[in-house]
There are 2 protein chains.
Amino acid sequence: MVGIRDHEPVQRTLREARDRFIALWGQMASNWGIPRTMAEVHAVLFIAGEPMNTDDVMEGLGISRGNASMTLRALQEWGIVSRVHLRGDRKEYFQAEQDIWKLFRTILRERKKREIDPLLEALRACRNLTSTGSGGSGGAGGAGSRRIGPGRASVEAHNARIDSMLAFVEMIDSISQRLIASGKGLQLAAKLLAKAS
Amino acid sequence: MVGIRDHEPVQRTLREARDRFIALWGQMASNWGIPRTMAEVHAVLFIAGEPMNTDDVMEGLGISRGNASMTLRALQEWGIVSRVHLRGDRKEYFQAEQDIWKLFRTILRERKKREIDPLLEALRACRNLTSTGSGGSGGAGGAGSRRIGPGRASVEAHNARIDSMLAFVEMIDSISQRLIASGKGLQLAAKLLAKAS
DNA sequence: GCCAATTTTCAGAATATTTTGAAATAAAAC
DNA sequence: GTTTTATTTCAAAATATTCTGAAAATTGGC
């Protein structure tokens with residue numbers, strides 16, 4: 001876009017740096033359960049800094065049109081890439097959020113919604129199967145079950161384990177909520193953690 | 001182990017709760033880039049609460065001996081499962097860490113070592129390719145490069161993007177370090193975040 | 001309405017990951 | 001040492017995931 005000649009050493013180095021960044025980002029994402037190509041498309045858009053169309057993305061990464069289309073849609077659903085219309089061009093353009101902190105919060109919000117919330121619900125349901133101490137159903141009925149079976153102790157040990165897991169996930173959930181809400185939540189957290197030896 | 005008869009309703013419910021927990025844990029792990037079976041084996045050991053041998057794990061999950069062996073080794077390498085020898089038994093037994101916070105810190109330490117640290121190093125190397133402002137190589141040599149090419153502005157915009165990414169990863173790294181070090185770091189963080197509106 | 005440009009969809013192909021099982025190795029018993 | 005039991009290894013098979021490409025659908029211009 002900006003420069004035509006790419007024998008300029010600066011341009012070649014820039015291209016090399018971009019490619020390295022894209023590869024890095026894709027690698028890291030796939031470590032964390034995000035499809036490599038999805039992260040690479042995001043990286044291309046992020047590092048370009050300006051809107052790109054589907055063909056730019058396709059040739060930038062050497063992927064098919066179908067793949068580019070599906071991946072761009074997924075990125076939009078995640079809320080980290082947005083559509084732009086450029087005047088006088090019929091194609092659609094896409095641009096990535098440039099503010100890393102905003103990006104982080106968006107991803108966190110999405111993962112909480114898709115993963116943490118359902119997990120919490122399921123864990124609570126699981127806990128209710130063997131209710132003791134807290135609320136829940138369990139079996140037949142009223143106060144004091146039929147007989148204290150041989151497994152009574154093991155049920156209580158089991159419940160203690162599930163409860164500690166629940167407490168852990170609830171804490172993660174609560175921290176996520178705060179980070180999602182507060183603009184500079186992470187920086188704040190780091191500062192606070194630093195003070196508290 | 002504890003109870004022989006499993007027509008006891010309590011025992012059936014307990015089994016059901018265990019199975020649900022195992023499935024949940026496996027599902028969640030695979031969302032976060034950890035092989036499902038690895039998490040399931042960990043879950044079996046965690047929820048059992050007592051040491052189990054390879055055959056117990058195999059039949060508990062319906063996996064092959066080879067798979068159980070490899071997965072148990074991987075869990076040991078992660079440091080979240082340990083080997084025990086039981087008196088009068090020739091088989092090896094395995095047990096999972098029961099303290100969730102300890103478990104969390106162990107996993108965090110390992111992921112930092114395997115993923116964050118290499119990422120940081122690579123990002124810094126990438127940044128050095130296009131050095132401006134900070135240190136680094138770049139090209140030929142002395143002060144003031146040959147000519148200010150057409151891409152000068154785009155290089156600086158690129159550097160700004162990489163720098164913000166670097167700052168972000170450095171913050172994640174620093175927070176991880178603190179959480180790994182401090183016993184109750186997460187609870188602390190949550191409390192602090194709660195106070196700071 | 002039509003036409004051309006662009007985007008989406010999805011069955012099948014390509015790729016990557018995980019699992020098996022049996023042979024090889026190791027460890028304990030004697 | 002031999003025998004028996006337990007564990008590890010790894011090539012091949014099974015499974016799961018991701019990608020392609022061309023047909024179908026959509027969109028914008030007129």
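We name chains A, B, ... by the order of the sequence lines, and we start the count at 1 in each one.
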* Structure fact -> Assign each of B/D55 and A/G62 the nucleotide of DNA chain D bearing its closest heavy atom; nearer the 5' end lies the nucleotide of B/D55

* Residue pair B/K112 / B/S176: nearest heavy atoms and the distance that separates them -> CD-CB, 4.0 Å

* Protein-nucleotide distance (B/E92, atom CD; D/dT5, atom P), rounded to Å -> 17 Å

* Is the B/F168 ring parallel, tilted or perpendicular to the A/W101 ring (thresholds 30°, 60°)? -> perpendicular

* Looking only at non-hydrogen atoms, find the nearest pair between B/R20 and A/C126 and report the distance. => CB-SG, 4.1 Å

* Hey, does A/V57 have a side-chain heavy atom less than 4.5 Å from the side chain of A/F94? -> no

* Asked: Given atom CG of A/D56 and atom P of C/dT7, what is their separation to the nearest angstrom?
  -> 11 Å

* Interface with DNA chain D, restricted to residues 26-48 of chain B and to heavy atoms under 4.0 Å -> none

* Asked: Atom CE of A/M52 and atom C1' of C/dT6: how far apart are they, to the nearest Å?
  -> 17 Å

* Structure fact -> Whole-Å distance, A/F94 CZ to C/dT7 C1', equals 9 Å

* Look at the side chain of A/S69 and the backbone N and O of A/R65, then say whether any donor-acceptor pair between them is shorter than 3.5 Å. => no

* A/E110 and A/K113 ion-paired at < 4.0 Å -> yes

* Asked: Sub-3.5 Å donor-acceptor pair from the side chain of A/T71 to the main-chain atoms of A/A68, do we have one?
  -> no

* **Distance-only donor-acceptor test, B/R90 side-chain atoms vs D/dA6 base atoms, 3.5 Å** => no

* In residues 64-71 of chain B, what residues come within less than 4.0 Å of DNA chain D, judged by heavy atoms? -> B/R65, B/G66, B/S69, B/M70

* Asked: What integer distance in Å separates B/D89:CG from D/dT7:P?
  -> 9 Å

* Structure fact -> Separation of C/dT19 atom P from B/L72 atom CG, nearest Å, is 13 Å

* Basic-acidic side-chain contact under 4.0 Å: A/R152, A/E156 -> yes

* **Between the first and last five pairs of the helix from C/dG1-D/dC30 to C/dC30-D/dG1, the angle of the axes, rounded to 10 degrees** => 30°

* **Rounded interatomic separation in angstrom, taking CZ from A/R83 and C1' from D/dT26** => 12 Å

* Structure fact -> Scanning both residues in full, the closest heavy-atom pair of A/S30 with A/R36 reads OG-NH2, 3.6 Å

* Taking the side chain as every heavy atom from C-beta outward, state whether A/H158 and B/I47 have any atom pair closer than 4.5 Å. => yes

* To do: Send over the distance from A/L86 CG to C/dA5 P, rounded to a whole Å.
  => 20 Å

* Give a yes or no on whether the backbone of B/K102 and the side-chain of B/T106 come within a donor-acceptor separation of less than 3.5 Å. => yes

